[in-house]
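Inspection log for the structure reproduced underneath, given as structure tokens.
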Amino acid sequence: EYDDLLGKARREEDRIERLCRLHGITPEAALNRMRRTDASRADYYNYYSSRTWGEAATYHLCINSSTLGGEEGTADFILEFASRKLKTRF
């Protein structure tokens, strides 16, 4: 799951549900996996970038994908953003 590399966020409940569905694990196991992964990403990012993981100022675009209708709505939103930013159509 590389969603956070784009500065994309989901509500915790949505992330847990997605992990359960993708990996066939319990909500408790999904929560533990999510927290370990987030901590590992934050440690790596903070160390190598000299910035702070999760700060909106470190991203070009921050999205709460829970409000955009899941992965397809989020993908459409990202494409629209990129089209406007790069002045090209995808």
Side-chain angles (χ1 to χ4, degrees):
E1 181 179 340
Y2 297 100
D3 297 341
D4 294 327
L5 296 178
L6 296 173
K8 187 174 77 167
R10 287 191 167 104
R11 288 187 333 217
E12 188 171 271
E13 300 84 29
D14 294 337
R15 293 177 69 199
I16 291 169
E17 181 182 311
R18 182 172 184 270
L19 287 169
C20 290
R21 186 178 70 251
L22 288 175
H23 301 288
I25 56 179
T26 67
E28 183 178 319
L31 178 62
N32 289 335
R33 183 180 198 151
M34 182 180 70
R35 288 184 176 162
R36 280 193 319 271
T37 301
D38 287 350
S40 177
R41 287 180 181 158
D43 288 344
Y44 181 92
Y45 180 86
N46 294 345
Y47 181 82
Y48 287 103
S49 73
S50 299
R51 294 183 173 189
T52 302
W53 175 263
E55 285 187 3
T58 63
Y59 300 100
H60 287 91
L61 175 66
C62 293
I63 303 169
N64 180 343
S65 62
S66 295
T67 64
L68 296 172
E71 293 174 5
E72 187 171 328
T74 301
D76 292 341
F77 184 84
I78 292 169
L79 286 172
E80 180 65 25
F81 173 83
S83 291
R84 291 179 183 209
K85 178 110 174 118
L86 301 174
K87 296 179 175 69
T88 188
R89 297 307 290 165
F90 293 97

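Because the structure is a prediction, the values reported are computed rather than measured.
For the atom pair Glu71 CD and Arg18 CZ, the distance stands at 4.5 Å (nearest 0.5 Å). Expressed to the nearest 0.5 Å, how far CD1 of Ile63 lies from CG of Leu68 amounts to 6.5 Å.
Checked against side chain to side chain donor-acceptor pair (under 3.5 Å), Asp43 has no partners two or more places apart in sequence or in another chain. Shown here are the side chain to side chain contact (heavy atoms under 4.5 Å, CB included) partners of Asn32, two or more places apart in sequence or in another chain: Glu28, Arg36. Ser49 pairs by the side chain to side chain contact (heavy atoms under 4.5 Å, CB included) definition with Tyr45, Arg51, not counting sequence neighbours. Residues meeting the ring pair (Phe, Tyr, Trp, His ring centres under 6.0 Å) test with Tyr44, sequence neighbours left out: Tyr48. When the side chain to side chain contact (heavy atoms under 4.5 Å, CB included) test is applied to Leu31, the partners found at least two apart in sequence or on another chain are Glu12, Ile16, Met34, Arg35. Residues satisfying the side chain to side chain donor-acceptor pair (under 3.5 Å) criterion with Glu80, sequence neighbours excluded, are Arg84. With sequence neighbours excluded, the residues that form a side chain to side chain contact (heavy atoms under 4.5 Å, CB included) with Asp76 are Glu72.
Residues Cys20 and Ala30 approach most closely at SG-CB, 3.8 Å, considering heavy atoms. Pairing each heavy atom of Leu19 with each of Ile25, the nearest pair is O-CG1, 3.8 Å.
In this structure, Tyr47 is not a member of the same hydrophobic cluster as Trp53, with clusters built from ILVMFWY side-chain heavy atoms closer than 4.5 Å.
With a 4.5 Å cut-off on side-chain heavy atoms, Arg15 and Thr37 do not count as touching. For the pair Glu17 and Arg21, the minimum side-chain heavy-atom distance is below 4.5 Å.
Checking side-chain atoms of Ser83 against main-chain N and O of Thr88 turns up a donor-acceptor pair under 3.5 Å. A donor-acceptor contact shorter than 3.5 Å links the side chain of Ser66 to the backbone of Arg11.
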